[in-house]
Amino acid sequence: MLIKIRKSWHLSESDATPEAVFKNRRTFLKGTAAALAAPVAGALVSPARAGWEPGVKLPGVVKSKYTVDEPSTPFKDVASYNNFYEFGTGKDDPVKNAKDFVTKPWTVEIAGEAANTGTFDVDDLIRPHQLEERIYRHRCVETWSMIVPWVGVPLGDIIKRLEPTSKAKYVAFETLYDPERMPGQKRRVLQWPYVEGLRMDEAMHPLTLMTVGVYGEVMPPQNGAPVRLIVPWKYGFKGIKSIVKITFTEDEPPTSWNRSAPHEYGFYANVNPDVAHPRWSQAKERLIGEFFKRPTLMFNGYAQEVAGLYTGMDLAKYY
Ligand SMILES: Nc1nc2c(c(=O)[nH]1)N[C@H]1C(S)=C(S)[C@@H](COP(=O)(O)O)O[C@H]1N2
Ligand SMILES: [Mo]
């Protein structure tokens with residue numbers, strides 16, 4: 001039998017890093033003032049007006065080699081079938097209730113074990129880096145999945161500029177807490193704010209994306225505007241939305257779903273068809289728009305790239 005082995009993404013002609021961006025990666029940031037002086041390479045990631053509107057293209061996006069060879073789930077599904085409990089627990093609540101969510105101005109606080117801590121405008125964190133379009137598999141623990149053309153920059157590139165200390169073993173993330181703007185936070189369905197975390201090597205992995213758009217456009221609020229995390233080999237709940245704080249820590253940080261149901265959701269949350277959720281199997285998934293279920297792939301199809309991060313770990317124990 002002939003087995004065709006290939007990477008889960010295709011090489012594209014725009015693989016090379018443009019020179020201007022490379023130079024800007026060397027830009028040293030110290031607090032907001034210096035951040036404002038950073039040369040502009042990428043684009044504004046938040047829209048000029050306060051609320052989101054459709055059709056606002058992010059300029060200067062290049063296609064990434066980290067792209068799966070599958071047609072993307074239509075925009076209307078990506079932007080209307082969401083989990084974002086800050087705007088309600090129904091799948092169609094976020095698109096309705098986040099419609100007028102104002103994401104400008106937006107700052108992200110950098111804290112903990114790093115040289116460059118402080119409060120940054122989101123544009124100043126993202127702009128020095130090249131925006132890339134990456135078509136990723138996106139798998140919710142509830143067993144639905146999508147193929148999504150995200151736009152973002154590698155989290156690892158941002159982290160390098162922030163210069164974490166040798167004590168930084170984990171990266172913790174926090175969503176905005178503002179029950180007036182996020183009415184779902186008036187109900188205690190989760191402990192607010194939503195928090196997530198990654199081990200430092202996971203955060204530095206080239207597939208881990210700080211994501212600011214979808215389908216070439218500014219991120220719709222229901223998808224986590226203005227900036228959310230995407231870790232394509234993990235269940236969707238690791239992809240924390242509307243991030244306002246990033247903290248470098250020595251110890252494993254708490255995560256929202258682990259806090260809520262520790263026997264059901266672990267810190268790692270790697271997609272794994274062999275480890276069932278206590279209440280349902282993870283062996284199959286339904287790609288939104290398809291009728292028949294597909295088998296779920298180990299590490300969501302990214303095993304070749306990320307399995308090495310977990311060598312020697314019992315994945316049934318560290319679920
Ligand atoms: N702050 C926050 N982030 C969140 C969630 C949430 O409720 N609040 N839901 C998570 C879950 S369970 C999934 S599957 C994805 C869904 O992201 P999508 O709307 O882009 O598909 O967002 C994740 N990020
Ligand atoms: Mo999810």
Side-chain angles (χ1 to χ4, degrees), residues 52 72-99 101 103 106 108 134-152 172-179 181-198 209-215 217-246 254-261 264-266 269-271 277 279-280 282 285-289 296 300:
W52 181 83
S72 295
T73 303
F75 176 83
K76 66 167 174 26
D77 296 321
V78 173
S80 67
Y81 188 84
N82 307 103
N83 275 331
F84 198 170
Y85 278 19
E86 285 83 342
F87 293 100
T89 54
K91 292 285 176 287
D92 55 353
D93 284 338
V95 66
K96 285 186 278 181
N97 300 334
K99 192 163 47 71
F101 182 52
T103 58
W106 191 277
V108 181
R134 297 177 168 203
I135 305 176
Y136 277 170
R137 294 189 194 89
H138 188 45
R139 170 65 154 76
C140 176
V141 75
E142 297 165 313
T143 76
W144 51 268
S145 63
M146 300 187 187
I147 309 285
V148 186
W150 300 114
V151 178
F173 303 86
E174 210 173 292
T175 294
L176 176 70
Y177 177 68
D178 187 342
R181 293 162 69 196
M182 294 180 145
Q185 290 177 332
K186 290 176 180 169
R187 292 176 53 208
R188 295 192 52 91
V189 287
L190 284 173
Q191 189 181 319
W192 308 112
Y194 196 102
V195 291
E196 257 303 339
L198 295 172
L209 200 67
M210 279 299 262
T211 308
V212 296
V214 67
Y215 269 94
E217 298 182 8
V218 170
M219 188 73 86
Q222 62 273 25
N223 289 103
V227 64
R228 56 92 56 93
L229 182 69
I230 290 290
V231 192
W233 69 93
K234 293 178 180 282
Y235 292 116
F237 66 83
K238 294 298 282 185
I240 180 171
K241 295 176 171 180
S242 304
I243 296 167
V244 292
K245 189 172 182 186
I246 299 175
T255 62
S256 279
W257 282 100
N258 177 251
R259 246 183 201 161
S260 164
E264 298 189 0
Y265 308 106
N270 292 318
V271 173
H277 183 279
R279 289 182 281 136
W280 61 81
Q282 292 292 1
E285 65 196 67
R286 191 184 309 282
L287 190 76
I288 297 296
T296 286
N300 204 25

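Start at 1 and go down the list; that is how both ligands and their atoms are numbered.
- Partner of Phe237 under the ring-ring contact (aromatic ring centres under 6.0 Å, His included) criterion, out of Tyr265, Tyr194, Phe84: Tyr265 alone.
- For Trp192 and Tyr85, the ring centers sit 6.0 Å or farther from each other.
- For the residue pair Asn82 and Lys91, no side-chain donor N or O sits within less than 3.5 Å of a side-chain acceptor on the partner.
- Partners of Tyr215 under the ring-ring contact (aromatic ring centres under 6.0 Å, His included) rule, at least two apart in sequence or in another chain, are Phe75.
- Within 4.0 Å of ligand 1, heavy atoms belong to protein residues Asn82, Asn83, Phe84, Tyr85, Glu86, His138, Cys140, Trp144, Trp150, Thr175, Tyr194, Asn223, Arg228, Gly236, Phe237, Gly239, Ile240, Lys241.
- Annotation: side chain of Cys140 is not in contact with side chain of Tyr235 (no heavy-atom distance under 4.5 Å).
- Considering every non-hydrogen atom in both Leu176 and Gln185, the closest pair reads O-NE2, 2.9 Å.
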